[in-house]
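A quick note: this is a predicted structure, and the numbers were derived from the prediction, not measured.
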Amino acid sequence: MKALLRLFATAHALMAFLFASAALLLIVIAARIGWDAFAAGLDRLAAQRIIEAVGLLAAAVVALQIAQTITEEEVIRDAHISGPTRIRRFCHDSWWSL
């Protein structure tokens, strides 16, 4: 069973790495599009390119957040497993002490 869990953790780590890599590539592409738009002059076409760059940056943020979530929830989950149990115990004990 532990080998299976390690396999899943490894697969999730790979997916998190791919999401983070995609985010970094999107950031580079957005920076390039933004710089080219700025260098070409500030007109309507430049505004459209900047809007495209902002969209790519938004996608990069989402990809980074997905990578972070996968890493926290699936790869390093051992550190947080007892947290919800402690919270439930605290809330249960506090409720009965009122």
Side-chain angles (χ1 to χ4, degrees):
M1 187 65 172
K2 282 192 174 199
L4 187 61
L5 290 176
R6 281 183 204 207
L7 178 66
F8 283 134
T10 303
H12 280 105
L14 176 64
M15 286 189 288
F17 174 76
L18 292 173
F19 271 111
S21 298
L24 293 176
L25 288 173
L26 286 172
I27 291 169
V28 170
I29 293 168
R32 177 66 189 256
I33 289 173
W35 181 257
D36 288 346
F38 178 73
L42 300 176
D43 57 0
R44 185 177 299 231
L45 182 60
Q48 290 175 342
R49 288 183 178 168
I50 294 295
I51 291 169
E52 180 183 356
V54 169
L56 290 172
L57 287 174
V61 168
V62 170
L64 278 176
Q65 288 177 343
I66 290 172
Q68 180 182 6
T69 301
I70 290 172
T71 303
E72 288 175 348
E73 297 294 326
E74 301 298 336
V75 179
I76 347 180
R77 64 178 154 170
D78 293 336
H80 302 291
I81 286 178
S82 63
T85 304
R86 280 196 304 265
I87 291 170
R88 271 183 276 162
R89 276 195 211 129
F90 175 77
C91 291
H92 182 265
D93 293 343
S94 296
W95 171 257
W96 286 109
S97 64
L98 290 177

What closest approach, in Å, do [X] and [Y] show between heavy atoms, and which atom pair accounts for it?
| X | Y | answer |
| --- | --- | --- |
| Ala20 | Ala67 | N-CB, 3.9 Å |
| Ala53 | Gly34 | CB-N, 4.2 Å |
| Ala40 | Arg49 | CB-NH1, 4.3 Å |
| Ile33 | Glu52 | CD1-OE2, 3.7 Å |

Which of these, Ile51, Ile27, Ile29, sits in a side-chain contact (heavy atoms from CB on, under 4.5 Å) with Leu56? Ile29

Set of side-chain contact (heavy atoms from CB on, under 4.5 Å) partners for [X], sequence neighbours left out:
| X | result |
| --- | --- |
| Ala46 | Ala37, Asp43 |
| Leu14 | Leu18 |
| Ile66 | Phe19, Val62, Ile70 |
| Phe17 | Ser21 |

Cluster check Trp35, Leu42: I/L/V/M/F/W/Y, side chain < 4.5 angstrom: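 Yes; Leu42 is reachable from Trp35 via cluster members.
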
Using the side-chain hydrogen bond (donor to acceptor under 3.5 Å, both in side chains) rule, collect all pairs that involve residues 53-69, keeping only residues at least two apart or in two chains.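 Output for this query lists Gln68-Glu72.
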
Sort and list the pairs that fulfil side-chain hydrogen bond (donor to acceptor under 3.5 Å, both in side chains) and have at least one residue in residues 3-16, not counting sequence neighbours.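 Of all non-adjacent pairs touching residues 3-16, none passes side-chain hydrogen bond (donor to acceptor under 3.5 Å, both in side chains).
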
Could you give me the CA-CA distance, side-chain angles and deciding distance for Leu57 and Leu26, then say whether side-chain contact (heavy atoms from CB on, under 4.5 Å) is met? CA-CA 7 Å; Leu57 287 174; Leu26 286 172; over 6 Å; no

